Amino acid sequence: MTKKAIVFGITGQDGSHLADLLLSKEYEVIGVSRRASTDNTGRIKHILQNSKFLLVQGDITDAHSVANILKEHDDVDEIYNLAAQSHVAVSFKQPGLTWDITGKGCLNILQSIEDLGMKNVRFYQASSSEMYGKNYDTDREQNKFQNEHTKFLPQSPYAIAKCAAHHMTRLFREAYGAHASAGILFNHEGERRGETFVTRKITKWIGDFEKSGRDPEFPKLRLGNLEAFRDWGYAGDYVEAMWMMLQQDSPDDYVICTGETHTIREFLDVAFKHIGIDDWSNLVVQDPEFYRPAEVDYLRGDNTKARTKLGWELKHSFEDLVRKMVKHDIEN
Ligand code: NAP
Ligand code: G4F
């Protein structure tokens with residue numbers, strides 16, 4: 001029988017990849033998009049005419065809007081909450097908005113599921129490695145890592161809102177028996193990544209620099225802290241894990257990551273090498289504007305649980321990811 005899923009955050013990087021995956025599995029997909037004064041469907045243009053895809057308007061900060069969408073589609077099998085104000089730096093400037101969307105929005109969905117008695121629906125919450133903030137565990141060789149047992153010590157309004165949504169998801173599972181799972185996803189990127197996240201900002205700049213014919217007058221790439229470590233994977237691999245979580249008999253939380261970590265400086269090295277530049281120091285300027293009031297210095301996940309319990313596999317290496325992004329931004 002055809003399965004049906006609702007995806008909140010359909011117009012985002014992950015929403016678009018998840019929609020592609022679900023449609024390839026013959027799902028009917030209902031994508032929820034908020035009203036915008038300009039077109040926000042750039043990442044899903046290729047599926048708008050698909051007869052199995054329906055785009056509906058809604059905003060997760062509005063409980064009434066969420067309830068109406070769920071009432072209208074109360075026969076769905078799966079609901080994915082990918083909607084968020086997802087930019088960490090922005091969350092320091094707009095903490096209230098971030099709280100309403102990234103924190104309370106999740107509650108609005110969970111409460112609607114409960115109020116409408118949707119006992120058979122399976123729910124996915126997009127949790128984040130940002131929730132670990134300053135914290136990590138260490139193995140016998142003193143290597144740092146984070147896994148499902150590492151305590152959260154959030155360092156931004158975004159991460160605090162994500163922690164609230166994460167615990168709310170666990171609470172609805174324990175209190176009401178909801179089939180509610182959270183994926184604690186480490187950074188994942190790709191050709192559809194928003195242009196203000198650091199990886200895409202770098203590869204987009206390289207693409208534009210190449211298109212300028214390496215014009216000596218081309219404005220330099222302005223970045224903040226280059227020493228933070230991130231565990232970067234490819235977004236297409238990560239949406240598979242989301243789907244796998246909802247195919248399990250029992251709901252649970254899973255860390256999704258590569259297990260490798262690199263600094264922004266290393267990302268720059270690999271990205272510039274793709275255009276044959278070994279020394280990028282005269283092309284990049286460190287600008288205080290892009291430093292954060294509080295930083296997350298080190299993220300490296302342990303994906304043992306996802307690999308062993310879900311059978312999830314990573315398909316793209318760090319080098320593949322950077323190559324894909326640079327190539328895309330040069331060619332498009
Ligand atoms: P993204 O590209 O920023 O997409 C966020 C989506 O949320 C967009 O579709 C956005 O709509 C939508 N949205 C924002 N406010 C909304 C509202 N009030 N009502 C309804 N929709 C709203 O984020 P992403 O990279 O795809 O990430 C997906 C989810 O995973 C997010 O929750 C993010 O916090 C989380 N996450 C991401 C990563 C990562 O590395 N990418 C890692 C861990 C967790 P518009 O297009 O209209 O703005
Ligand atoms: O690319 P970023 O903005 O990603 P960040 O803050 O790690 O958050 C992303 O990953 C999270 C998962 O861990 C998600 F939950 C979240 O939604 C988002 O997708 O910044 C990465 C690092 C930071 O240390 C930042 O300080 O890059 C540093 N950075 C240096 N210069 C910069 C810049 N970040 C941005 N966005 N822009 C810069 O110019």
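All of these numbers come straight from a predicted model, not from anything done at the bench. Numbering of ligands and ligand atoms starts at 1, following listing order.
- Between the side chain of Thr261 and the backbone N or O of Arg230, at least one donor-acceptor pair lies under 3.5 Å.
- Proximity of Arg34 to ligand 1, defined as any heavy-atom pair under 4.0 Å, is confined to the side chain (atoms from C-beta onward).
- A donor-acceptor pair is defined here as one N or O able to donate and one able to accept, closer than 3.5 Å; no such pair exists between the side chain of Arg222 and the backbone of Asp287.
- Nearest protein heavy-atom contact of atom 29 (C) of ligand 1 is Leu82 O, 3.2 Å.
- In this structure the side chain of Glu189 never reaches within 4.5 angstrom of the side chain of Arg200, judged on heavy atoms.
- In terms of protein heavy-atom proximity, atom 22 (C) of ligand 1 is nearest to Ala83 CB, 3.8 Å.
- With respect to the salt-bridge test (charged N to carboxylate O, under 4.0 angstrom), the residues Lys4 and Asp75 qualify.
- Ring geometry for Phe229 against Tyr298 counts as tilted: the plane angle lies between 30° and 60°, on a 0 to 90° scale.
- The shortest separation from a heavy atom of His87 to ligand 1 is not under 4.0 Å, leaving the residue out of contact.
- Here the heavy atom of the protein found nearest to atom 2 (O) of ligand 1 is Gln13 N, 3.0 Å.
- The aromatic rings of Trp205 and Phe209 sit parallel to each other, their planes meeting at less than 30°, with 60° as the upper class boundary.
- Checked options Phe152, Tyr132, Tyr124; the residue passing with His166 is Phe152 (criterion: ring-ring contact (aromatic ring centres under 6.0 Å, His included)).
- Ligand 1 has no nitrogen or oxygen under 3.5 angstrom from a nitrogen or oxygen of Gly58.
- A donor atom on one side chain and an acceptor atom on the other are not found under 3.5 Å apart for Thr169 and Gln125.
- Atom 1 (P) of ligand 1 has its closest protein heavy atom at Ser86 OG, 3.7 Å.
- Contact between Ser127 and ligand 1 is present, with at least one heavy atom of the residue lying under 4.0 Å from the ligand.
- In the hydrophobic clustering of ILVMFWY residues, with side-chain heavy atoms under 4.5 Å counting as a link, Met245 and Leu21 come out together.
- At least one heavy atom of Tyr158 sits less than 4.0 Å from an atom of ligand 1.
- Remark: Lys45 engages Asp39 in a salt bridge, criterion side-chain N to carboxylate O under 4.0 Å.
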Under a 3.5 Å threshold, I'd like every N/O contact between ligand 2 and protein atoms, with atom names and distance.
residue, atom, partner, partner atom, Å
ligand 2, 1 (O), Val198, N, 2.8
ligand 2, 3 (O), Arg292, NH2, 2.8
ligand 2, 6 (O), Arg292, NH1, 2.6
ligand 2, 7 (O), Asn187, ND2, 2.8
ligand 2, 7 (O), Arg230, NE, 2.7
ligand 2, 10 (O), Asn187, ND2, 3.1
ligand 2, 13 (O), Ser129, OG, 2.6
ligand 2, 13 (O), Asn187, OD1, 2.7
ligand 2, 17 (O), Ser86, O, 2.7
ligand 2, 17 (O), Tyr158, OH, 2.8
ligand 2, 19 (O), Arg193, NH1, 3.2
ligand 2, 19 (O), Arg193, NH2, 2.9
ligand 2, 20 (O), Arg292, NH2, 3.4
ligand 2, 24 (O), Arg230, NH2, 3.2
ligand 2, 24 (O), Glu295, OE1, 2.9
ligand 2, 24 (O), Glu295, OE2, 3.0
ligand 2, 26 (O), Glu295, OE2, 2.6
ligand 2, 31 (N), Gly224, N, 2.8
ligand 2, 34 (N), Arg292, NH2, 3.4
ligand 2, 36 (N), Thr196, O, 2.9
ligand 2, 36 (N), Arg292, NH2, 3.4
ligand 2, 39 (O), Lys201, NZ, 2.7

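- The closest approach between Lys162 and ligand 1 falls below 4.0 Å for a heavy atom of the residue.
- In Arg193, the part holding a heavy atom less than 4.0 Å from any atom of ligand 1 is the side chain.
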